[in-house]
Amino acid sequence: MKQPIGVFDSGIGGLSVLREIRALLPNEDLLYVADSGFAPYGHRSAAFIIQRALSISEFLLERGAKAIVVACNTATAVAIEKLRQKFVIPIVGMEPGIKPAAAISKSKVIGVLATEGTLNSDRFSTLLTRSTENLEIIVQPCPGLVEQIEAGDFTGSATRALVVRYVLPLLARGADTLVLGCTHYPLLRTLIAQIAGPAVHIIDTGPAVALQLQHRLVTSQLHTDNSQLGTQQFWTSSPLERQHAVISRVLGQSIQINPLPSIDNEVDKT
Ligand code: DGL
């Protein structure tokens, strides 16, 4: 089916997932919304995030989306049930990769880097209760990191200092595996790997989500039979010039980006 797939995040973090989708499903047309004007979601109220997720999903559906990828751990944790109640198309979300981390860790101490919103969610608590025994899971909220990434600072001293502050204490407690539980953090993977050192495993669930999406498209007979390279369209809720530069840099190509029309003004901006 030649309708597009909608992908959204609080900002540019979901591009780490979009890249994986593009690599696995190159013929699919993709729509991407970066809600950067409202990032970070991490410390926002559940009501706010649910409202944004519903409005952005409606926007994507109006543009013909046949499936939606919530390329944001925070929005998945807080809003995916509501999205699934409201919309009948396949909706694929993120989940911190504790299971793959447990499988690869030798020390059985795992550090999870994520936003407060994800770590405080019921969904994350349930994930913890389902995880293997004999596993020590240390959670680490990372305030400030999403802001650095949104500003396009992937290697500077302020970003490095934050990564050092959040990662080194996990290693000191014996973690040999780090779960990137926010889609922005894979954009810092090189820096995180540099600071953590070569012996530490880094888990990013982007590739698994792309596979899950492929599975959902095939089983619902929604996959494209297009043999050309699919198109990509981008919208942002923050100033265009800034986003154009950062998104083009992340994707390694100059992309065209459109302003996200005002999709709701009624939300409580907390
Ligand atoms: N990329 C979002 C996530 O995966 C970022 C969260 C935020 O905006 O705080 O959780």
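One-based numbering, in listed order, for ligands and for the atoms of each.
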Distance from atom 7 (C) of ligand 1 to nearest protein heavy atom, with residue and atom
Tyr41 N, 3.2 Å
How far is atom 10 (O) of ligand 1 from its nearest protein heavy atom, and which residue and atom name does that atom have?
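Of every protein heavy atom, Thr74 OG1, 2.5 Å lies nearest to atom 10 (O) of ligand 1.
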Step through it carefully: locate the ring centre of Trp235, locate the ring centre of Phe8, and say whether they are under 6.0 Å apart.
no
Would you say [X] and ligand 1 have an N/O pair spaced under 3.5 Å apart?
X      : value
Thr115 : no
His184 : yes
Gly42  : yes

Whether the Ser121 and Thr118 side chains hold a donor-acceptor pair (N or O, under 3.5 Å, no angle test) is what I'd like checked.
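Thr118 and Ser121 do not have a side-chain donor-acceptor pair below 3.5 Å.
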Going by atom types only, do Ser55 and Gln51 share a side-chain donor-acceptor pair under 3.5 Å?
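Per modelled atom types, Ser55 and Gln51 side chains form a pair under 3.5 Å.
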The atoms of ligand 1 lying under 4.0 Å from a heavy atom of Ser10, numbered in the order shown, are 2 (C), 5 (C), 6 (C), 7 (C), 8 (O)
Where ligand 1 meets Asp9 - atom numbers and elements under 4.0 angstrom, heavy-atom basis:
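Here the atoms of ligand 1 in question are 1 (N), 2 (C).
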Heavy-atom distances under 4.0 Å decide this one: backbone, side chain, both or neither, for Pro40 against ligand 1?
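Both parts.
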Counting heavy atoms only, which part of Asn73 comes closer than 4.0 Å to ligand 1: side chain, backbone, both or neither?
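For Asn73, the contact with ligand 1 is made by both the backbone and the side chain.
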Just say parallel, tilted or perpendicular for the rings of Tyr32 and Phe234, cut-offs at 30° and 60°.
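The rings of Tyr32 and Phe234 sit tilted, inter-plane angle from 30° to 60°.
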Any salt bridge between Lys66 and Glu28, counting N to O under 4.0 Å?
yes
Presence of salt bridge, Asp176 and Lys106, under 4.0 angstrom:
no
Check against salt bridge (Lys or Arg N to Asp or Glu O under 4.0 Å), Asp225 and Lys2
CA-CA 7 Å; Asp225 44 19; Lys2 203 184 152 22; over 6 Å; no
Heavy-atom gap Cys72 to ligand 1 smaller than 4.0 Å
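It does; at least one heavy atom falls under 4.0 Å.
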